[in-house]
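Working notes for the structure below.
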Amino acid sequence: MGLWLGKQFVTKTSSLPGQELVADIEMALKGYADFGPGCPEHLADAIRYSLLAPGKRLRPILVLMAAKACGATISQALPAACAVEMIHSYSLIHDDLPAMDDDDMRRGLPTCHVKYGEATAILAGDALQPRAFEILAGDIQPPAVAAACCLELARTAGATQLVGGQADDLHAESFDADAELLDAIHRRKTGAMFVTSVRLGGIVAQAEDEKVNALTTYGTKIGLAFQIIDDLLDATGEEAKLGKRTQKDAERGKTTYPSIHGIDDSRQKANELIEDACSALAMFGESGSELESLARYIISRTH
Ligand code: GRG
């Protein structure tokens, strides 16, 4: 199986690199999903249902790979990996709500609001956000690095990046977005979390600025490539494999990368972005090889 990427036919595996990290991530997430006796049982159930559903764990894998590439251990970076997944899971729960993208299927399961009702789904997302910062503040050492991680994630999750990108994306449903606006939406709604994931790895490792800057370039490029492939999968992918509905963008009349640039040029662009991302890893030498395989997975993925 391969993917036609403009001039190139990519035959790389579509299995996600870093699978050996997933067991550690899942176990830590389970621990952090235990809010203790003060949390109402139905809220705790809804949080666990969405957070522990079978996601790819791409962002936490990126945190851990970047941390390793910069010389940190997995256990040093695991709290940051879980914090990122909490923000990501909250954003998916809220994105699926009727007031936003109105989806009934996510990660192969009924969405949180379909299973638990809208109010509980909103609250589950709400609870995941402060939990992310509680984890960073409490479990990243030393405290100055914990504070730097909180600042990094807060900026990305906030009104100019994740939330701002989502607001522009919803707003753009009422008119035809141009290529510039579409890039700005993708960069903030999707790309920013990829950038922050690898930057958090570098920050936890207390890496020098040069390395964090290289990771920033890498994250920016794979983030946009990921969204382009997401648009292509929505247009051409299989629901059963994706675990979510397809053709949603066309149904909602949404402007997407393929609707502006066409399918072949979109694939070509994604391919170029991945090559740029891999070039940005040059200074890491062999330590960057896992991040490189992960970048190549992004263009070959089928879900
Ligand atoms: C509600 C503030 C707020 C933001 C929502 C995440 C998001 C922003 C929207 C989701 C809609 C969407 C399909 C975005 C495209 C990129 C994306 C985030 C895909 C889902 O990420 P995956 O494929 O999901 O890594 P899993 O389930 O594997 O974790």
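Start at 1 and go down the list; that is how both ligands and their atoms are numbered. Worth knowing before you read on, the calculation uses all heavy atoms, side chains too, and leaves out hydrogens, waters and symmetry mates.
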**Message:** Do Arg131 and Tyr32 form a cation-pi contact, if we require the NZ or CZ to be under 6.0 Å from the six-membered ring centre and within 45 degrees of the ring's axis?
**Reply:** no

**Pair Asp231-Gln227, side-chain donor/acceptor within less than 3.5 Å** = yes

**Asked** So which of Arg59, Gln227, Met193 gets nearest to atom 18 (C) of ligand 1, if we judge by its closest heavy atom?
**Response** Arg59

**Item:** cation_pi(Arg59, Phe226) dist<6.0 Å, angle<=45
**Value:** yes

**Nitrogen or oxygen atoms of Arg107 and ligand 1 under 3.5 Å apart** = yes

Could you pull out every donor-acceptor pair under 3.5 Å between side chains of residues 278-292 and any protein atom, sequence neighbours left out?
unit_1	atom_1	unit_2	atom_2	d
Ser279	OG	Glu275	O	3.0
Glu286	OE2	Ser289	OG	3.4
Ser287	OG	Phe284	O	3.1
Ser289	OG	Glu286	O	3.0
Glu290	OE1	Lys68	NZ	3.3
Glu290	OE2	Lys68	NZ	3.1
Glu292	OE2	Arg296	NE	3.4
Glu292	OE2	Arg296	NH2	3.3

**Asked** Among Asp95, Leu162, Thr190, which one has a heavy atom closest to atom 9 (C) of ligand 1?
**Response** Asp95

**Atoms in ligand 1 flagged as close to Lys189, the criterion being non-hydrogen separation under 4.0 Å** = 8 (C), 14 (C)

**Prompt:** At a non-hydrogen distance cut-off of under 4.0 Å, which region of Gln166 contacts ligand 1 (side chain, backbone, both, or neither)?
**Reply:** side chain

**Prompt:** Polar-atom distance check: Lys56 versus ligand 1, any N or O pair below 3.5 Å?
**Reply:** yes

**Minimum-distance pair of heavy atoms, taken over all atoms of Pro79 and Leu136** = O-CD2, 4.4 Å

**Item:** Residue pair Thr216 / Arg199, side-chain donor-acceptor N/O under 3.5 Å
**Value:** yes

**Message:** Would you say NZ of Lys189 has more than 12 non-hydrogen atoms from neighbouring residues, nucleotides or ligands within 6.0 angstrom?
**Reply:** yes

**Prompt:** By number and element, which atoms of ligand 1 are closer than 4.0 Å to a non-hydrogen atom of His94?
**Reply:** 1 (C)

**Prompt:** Gly55 heavy atoms, cut-off 4.0 Å: which ligand 1 atoms fall inside?
**Reply:** 27 (O), 28 (O)

**Complete:** Atoms of ligand 1 under 4.0 Å from any heavy atom of Tyr90, numbered from 1 in the order shown, are 2 (C)

